[in-house]
Amino acid sequence: LIDAGDQAGALRVVVEAMTSRGQLDPRLLRTSGEGELWQIRNVAGFAAEATFKSAFADPDTPGRKLPNPRFTISAGALRANNLDDLYTSILHEYRHVEQESEHVNSTEQREQTFGYGADPDEFDAYLSEIEFSYRREHMKTAALQAGVHWEFLSETNRAAFKSRWAAAQK
């Protein structure tokens, strides 16, 4: 599909494969309002990016909200030699969708973080890349990113991740 110039078709195949493996939950990927769930355009410095519109009521679970994500996939990530990077980028951004689902349904105040490196959600997303990646090179890259974030996390934020971080380093 990529060689034929069908980037949208190629993205659809990747997403369908990840969904059939249980790596993406279609319920969390429901949207409300304007904008397509998946968009292909350049994302400065990244293969993928997730953003969120206003959360909306889950039609299947009264009292629960859905995060209302939108994914932007960089056109450069949709090349035959980049599909592995696309896969891990979608894993990473999808973890942010899961986090946003937790946040919009929580009664606890969201902790403020100062800067990208000190953000526990970013650290968690890199850990999920390590845990679900199937290629050693990706695990190493994600581990390097997670290691940088680990250095900036507060002790309070580190506590929730200690066992996962120890397992990721093995």
Task: Shared hydrophobic cluster, Val13 / Tyr87 (ILVMFWY, side-chain heavy atoms < 4.5 Å) - done: no
- [ ] Determine, using the 4.5 Å side-chain heavy-atom cutoff (strictly less than), whether Val15 and Leu83 are members of one ILVMFWY cluster.
- [x] yes
Task: Worked verdict on Val104 versus Asn68 for side chain to side chain contact (heavy atoms under 4.5 Å, CB included) - done: CA-CA 10 Å; Val104 299; Asn68 208 9; over 6 Å; no
Open item on the list: For the CD atom on Glu36, are there more than 12 heavy atoms of other groups (residues, nucleotides or ligands in this structure) within a distance under 6.0 Å?
Closed with: no
TODO: Using a cut-off of 6.0 Å, state whether more than 12 heavy atoms not belonging to Asp60 lie near its atom CG.
DONE: yes
N/O donor-acceptor pair under 3.5 Å between [X] side chain and [Y] backbone:
X	Y	value
Asp124	Arg95	no
Ser101	Val97	no
Tyr94	Asp25	yes
Arg30	Leu66	no
Ser106	Glu102	no

- [ ] Let me see the working for Gln7 and Ile73 under side chain to side chain contact (heavy atoms under 4.5 Å, CB included), right down to the final yes or no.
- [x] CA-CA 10 Å; Gln7 289 184 320; Ile73 305 299; over 6 Å; no
Open item on the list: The criterion is ring-ring contact (aromatic ring centres under 6.0 Å, His included); which residues satisfy it with Phe123, sequence neighbours excluded?
Closed with: Trp150, Phe161, Trp165
Task: Pair Lys53 + Glu100, salt bridge at N-O below 4.0 Å - done: no
Task: Where Ala168 and Leu127 come nearest, the two heavy atoms and their spacing - done: CB-CD2, 3.7 Å
Open item on the list: Run the side chain to side chain contact (heavy atoms under 4.5 Å, CB included) test on Thr61 and Arg27 for me, step by step, so that the C-alpha distance in whole Å, both residues' side-chain angles and the decisive distance to 0.1 Å come before the verdict.
Closed with: CA-CA 11 Å; Thr61 310; Arg27 193 176 64 103; 3.9 Å; yes
Task: Test item: Leu78 and Asn82 side chains (from C-beta on) under 4.5 Å apart, heavy atoms - done: no
Open item on the list: Any heavy-atom pair between the side chains of Asn105 and Asp58 that's under 4.5 Å?
Closed with: no
Open item on the list: Return the CG to CG distance between Asp119 and Leu153, rounded to the nearest 0.5 Å.
Closed with: 8.5 Å
TODO: State the OG1-CZ distance between Thr31 and Phe52, to the nearest 0.5 angstrom.
DONE: 12.5 Å
TODO: Under the side chain to side chain contact (heavy atoms under 4.5 Å, CB included) rule, what do Leu1 and Val14 come out as? Steps first, then yes or no, please.
DONE: CA-CA 11 Å; Leu1 290 172; Val14 171; over 6 Å; no
- [ ] Check the side chains of Glu122 and His92 for a donor-acceptor pair under 3.5 angstrom, ignoring hydrogens and angles.
- [x] yes
Task: Donor on one side chain, acceptor on other, Gln99 and His96, under 3.5 Å - done: yes
Open item on the list: Under the rule for salt bridge (charged side-chain N to carboxylate O under 4.0 Å, His left out), what residues qualify as partners of Arg64, not counting sequence neighbours?
Closed with: none
